[in-house]
Each structure stands twice: as C-alpha cells, then as structure tokens.
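First up is the structure itself, then whatever we jot down about it.
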Number of protein chains: 2
Amino acid sequence: MLHLCYYCNMIKYSELKNILKQHKLRVTDCRMDVLEYFIKNNQAFSFKNLEDEFTQYDRVTLYRTLHSFTENGVFHKIPSDTGMITYGVCSTTCSPQNHQHNHMHFQCNCCGKVECLAEDHIPVVKIPLYEVMEVNMILKGVCPQCIA
Amino acid sequence: MLHLCYYCNMIKYSELKNILKQHKLRVTDCRMDVLEYFIKNNQAFSFKNLEDEFTQYDRVTLYRTLHSFTENGVFHKIPSDTGMITYGVCSTTCSPQNHQHNHMHFQCNCCGKVECLAEDHIPVVKIPLYEVMEVNMILKGVCPQCIA
DNA sequence: AACACAAATGCAACATAATTGCAATTAAAA
DNA sequence: TTTTAATTGCAATTATGTTGCATTTGTGTT
Ligand SMILES: [Mn+2]
Ligand SMILES: [Mn+2]
Ligand SMILES: [Zn+2]
Ligand SMILES: [Zn+2]
C-alpha cells in the first residue's frame, strides 16, 4: 500500500524510489518526477499531458519513460475512442506478467479528466465460444467536481 | 434489418445504397465499397486496414469517408488501448443524435480481429456522485475461429 | 436528356506525432 | 574509485493526420 499525505496527497521520496526499485527500474530524475506527478494527482495522464508538464525533459525520454513503466507493470494503459491513450498507476500487486486490473475507468466529458475507479470492480464476463481473458470498462459522463 | 446472404454474407447493392440514402449521404464508389467491406466481413476495421485494402482511393478520401460515416451514424468508434481506433457498423436504429450502442466489443489477441458482440448488452452502471452517460466495454481474448 | 449546383475526390503541401541511431551522460554494481 | 550497462538528449527519419484548391461527380431541376 502507498502512504500518501491525507492533506496534500504527497508521497515520500523513499516510497517513490522503492516503487521503481521493486520493478527493477533505475532511479532517474525523469522517472521520479513522472511517477510522483501521477500519484499525487491521483489521475490518469496522456503523453501530451506529460509533454506540456515536463518541458525540461526531451519528448523522446518521456515516450521511453511511459514505455518502460507500462512494460514493467508500473503503469497500465486506459483505452479510448479518441486515439489518445492515457496511463494510470498500477496497483502495488501488479507485475509485468500479472496485472490486476478489474477496475473501471471514468472519463469526464466536462473537464477531460480520466481516473481509475479502483473500488468499482468489473463483473466477470462469459461469452459462449469465446475465451475472455481481459475486460476493459470505460465510463463517460460528468465527474463529481464538475457536477458541483 | 439488413438482409445478408446466409452463404457468402453479401448484401444487395440496393440495400447498401439505401443505408447511405437514409443517412443523407451521397452514393459514391468509395462509400459503397467501404460500407460493403465492413458489412460482408462482419467485423470492425481501422483506417490502416482500409488504406491497405483500398489502394485505388486516396488516403484523404478514406479519412473523409470514415469521418462522414461516424458523423452521420453509419459507423461508431471502438475504443482501444493501442491508439488504433477501429470502426464498427451501427445498428439500423442509430441516428447521428441518438446512437444505441449498449453492446460489447471483442478483440482477438490471436488474429487481431475486432468485432461487435451485438447480442451481449452492457449492464447499466451507477457510481455514487458521478453522472454516467455512456459505458464502453471491450473484451480481449481468443475468438472462436482462433480457438478451433 | 441536358443543365446547374453543391458535394466529394485527388493531389500537393503542410502540420503533427512517433521512432531510430548514436554519442554523451549517469546510475548502480564491483 | 573504477567499470559497466542503462538512460538521456539531440538530430534525422518515418509515420500519421490535416488543409486548400482545382477537378470531377451525384443529384435535383428544367
Ligand atoms: Mn486503472
Ligand atoms: Mn459495435
Ligand atoms: Zn470533470
Ligand atoms: Zn482470432
């Protein structure tokens, strides 16, 4: 489990570093900054988001950061019908081989935010004649912040 | 309802033409060919698929064909986590304003085929504090043809 | 059947997004 | 501290998507 400050959502440097270590990734500035950004904002981001946010890093480095994170079970990809992939932080029990993503995703039509609905589990689906190995569920609508 | 040949899955030229007419689209070679291709194969295709299949048409024309089809309720977009959007044929009851897509989609990890599971309805989802307006469900696994 | 008009197409140019190769730099192990 | 391999930044390349415009085509009207 991650330990975030209940007030500012910040995470300890050592914990952040451990996440990278646990996934056999070298600890670099770019990786630390990107991972911290995802965790403290508790939402999913696209490559474009990162490019706008982290102008100090080369675009190629950001591409490669997202790539190594998804390859190594730090991030998971969230499908979209716009062609714009967003990435979410994996649960601590995820490994490259064994992802545990039975949660839904929500995209707000109003503010554009994409988030993992970690508490809402996707029902088990069986389809005759098919072998279903993975189920993705993406909800669209209006998020609580935009409703208020 | 569409009337397809039970043997070869082919559709009558007049029916194809009517689909375009019903959506207030002019009947052109490119549109007829693309629509026929989707219907007779009964699966979803990406822009790339069309570009490979229809070399006689300009890329721009194919882009614009997909665009006018989705704008006018002939096709719907199917989300993916690869950044590659695929398109499926809408049901005959779809209009530009009112789409009826409560069905699931299946992507085969083996042959890559994407298809609409028209018979399998997506459950109604309610999330406290959120307003859910649309739900997409994408299954991945192995299709019956690849299992056999 | 011929005409008029708007819509669709093809092509070239342009713009944006993503990938690759390689030298310089840096993290981690020895 | 030294060694080694992974990571980074930059330039070049490739892939993907968009726009403007002249030409062609579909469709309603005469
Ligand atoms: Mn998620
Ligand atoms: Mn569908
Ligand atoms: Zn919102
Ligand atoms: Zn298959």
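None of the values given here were measured: they were computed from a predicted structure. All chains are named by letter (A, B, ...) in the order of the sequence lines, taking the proteins before the strands, and each is independently numbered beginning at 1.
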Nearest-0.5 Å distance, CD1 of residue A:I127 to CD of residue B:E119: 10.5 Å

Side chain to side chain contact (heavy atoms under 4.5 Å, CB included) partner of A:L50, the single match among A:T55, A:D33, A:V34: A:V34

Between C:dC11 (P) and B:R64 (CZ): distance, integer Å: 12 Å

ILVMFWY network linking A:Y57 to A:L16, side-chain heavy atoms under 4.5 angstrom: yes

Identified ring-ring contact (aromatic ring centres under 6.0 Å, His included) partner of A:F75 from the options A:F45, A:Y37, A:F69: A:F69

Distance-only donor-acceptor check, side chains B:N136 and B:E134, under 3.5 Å: yes

Nearest-angstrom distance from the residue atom NZ of B:K24 to P of C:dA8: 14 Å

Side chain to side chain donor-acceptor pair (under 3.5 Å) pairs, two or more places apart, involving residues 59-68 of chain A: A:E51-A:R59

Sugar-phosphate only, base, or nothing, as touched by B:R31 at under 4.0 Å among non-hydrogen atoms: sugar-phosphate

Ring center gap for A:Y130 and B:F106 short of 6.0 angstrom: yes

Separation of D:dT16 P from B:I85 CD1 (nearest whole Å): 13 Å

Please write out the pairs of protein N or O atoms and N or O atoms of nucleotides 23-30 of chain C separated by less than 3.5 Å, giving the distance to one decimal.
unit_1	atom_1	unit_2	atom_2	d
C:dA27	N3	A:R26	NH1	3.0
C:dA28	OP1	A:V27	N	2.9

Whole-Å gap separating P (C:dT20) and CG (A:D58): 15 Å

Nearest-0.5 Å distance, CG of residue A:D81 to NZ of residue A:K140: 3.5 Å

Protein-nucleotide distance (A:L62, atom CG; D:dG9, atom P), rounded to Å: 8 Å

Whole-Å gap separating C1' (D:dT14) and CZ (A:R59): 13 Å

Axis-to-axis angle between the two ends of the helix from C:dA1-D:dT30 to C:dA30-D:dT1 (five base pairs per end, rounded to 10 degrees): 40°

Spacing between B:F69 atom CZ and C:dT9 atom P, to the nearest angstrom: 9 Å

Upstream residue (5' side of DNA chain C) when B:Q56 and A:E51 are each assigned their closest nucleotide: B:Q56

B:Y63 OH to D:dT18 P, straight-line distance once rounded to whole Å: 7 Å

Ring centres under 6.0 angstrom apart (A:H76, A:H103): yes

